[in-house]
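Positions are given from 1, in the same order as the sequence printed here. Please read all numbers here as calculations on a predicted model, not as lab measurements.
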Amino acid sequence: QVQLVESGGGLVQPGGSLRLSCAASGSIFSINAMGWYRQAPGKQRELVADITSRSTTNYTDSVKGRFTISRDNTKNTVYLQMDSLKLEDTAVYYCNADLVTCTEHTTARRYWGLGTQVTVFS
């Protein structure tokens with residue numbers, strides 16, 4: 001009954017920008033951390049960036065200085081601004097949220113979106 005819906009993926013040339021959005025909905029009591037993961041063909045899924053409820057951020061080294069994660073707690077939404085995109089950024093990007101449902105109140109669980117494709121081409 002909790003779902004995460006991503007948007008904003010697409011095709012872009014190297015050096016271009018995209019902004020991903022992910023909105024969480026359902027019977028949500030509270031959201032702790034939210035983040036973005038990505039998985040390229042033949043590679044393991046990796047953490048791109050995450051952000052806590054107090055807006056503390058963390059980035060993988062390969063995107064530092066190029067990507068910015070943010071969130072709007074009033075909308076249960078997390079964003080990923082991607083600038084200076086490179087070919088190696090091509091992947092399916094997945095939204096993730098560590099949250100507590102209204103039915104549990106004390107136990108946090110991880111939820112995933114279905115993913116959005118980001119393709120960087122020259």
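- A23 pairs by the side-chain contact (heavy atoms from CB on, under 4.5 Å) definition with T77, not counting sequence neighbours.
- Looking at heavy atoms from C-beta onward, F67 lies out of side-chain contact with T57 at the 4.5 angstrom threshold.
- The shortest non-hydrogen separation linking L4 to C22 is CB-SG, 3.8 Å.
- For residues 17-28, the set of pairs meeting the salt bridge (charged side-chain N to carboxylate O under 4.0 Å, His left out) definition, not counting sequence neighbours, is empty.
- Salt-bridge check for D83 with R66: failed, with every basic side-chain N at 4.0 Å or more from each acidic carboxylate O.
- Looking at residues two or more places apart in sequence or on another chain, you find no salt bridge (Lys or Arg N to Asp or Glu O under 4.0 Å) involving R45.
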Criterion side chain to side chain contact (heavy atoms under 4.5 Å, CB included) on V120 and K86, from CA distance to verdict:
CA-CA 6 Å; V120 184; K86 303 176 180 179; 5.8 Å; no
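- The hydrophobic cluster containing L114 does not contain Y93, counting ILVMFWY residues as joined when their side-chain heavy atoms lie under 4.5 angstrom apart, directly or transitively.
- In the hydrophobic clustering, Y79 connects to no other residue, as no ILVMFWY side-chain heavy atoms lie under 4.5 Å from its own.
- If you chain together ILVMFWY residues whose side-chain heavy atoms come under 4.5 Å of each other, W112 ends up grouped with Y37, L47, V92, Y94.
- Two residues are said to be in side-chain contact when any heavy atoms from C-beta on lie closer than 4.5 Å; S17 and V12 fail this criterion.
- For residues 29-71, no pair satisfies disulfide (SG to SG under 2.5 Å), with sequence neighbours left out.
- With sequence neighbours excluded, the residues forming a salt bridge (Lys or Arg N to Asp or Glu O under 4.0 Å) with R38 are E46, D89, listed by chain and number.
- The side-chain heavy atoms of V118 and L20, taken from C-beta on, include a pair separated by under 4.5 Å.
- Applying the under-4.5 Å side-chain rule to Ile, Leu, Val, Met, Phe, Trp and Tyr, the cluster around V100 extends to F29.
- Residues that satisfy the salt bridge (Lys or Arg N to Asp or Glu O under 4.0 Å) test with E104, not counting sequence neighbours, are R109.
- Here K43 pairs with nothing under the side chain to side chain donor-acceptor pair (under 3.5 Å) rule; sequence neighbours left out.
- Here S7 pairs with S21 under the side-chain contact (heavy atoms from CB on, under 4.5 Å) rule; sequence neighbours left out.
- Contacts classified as disulfide (SG to SG under 2.5 Å) and involving residues 51-94 (residues at least two apart or in different chains) are not found.
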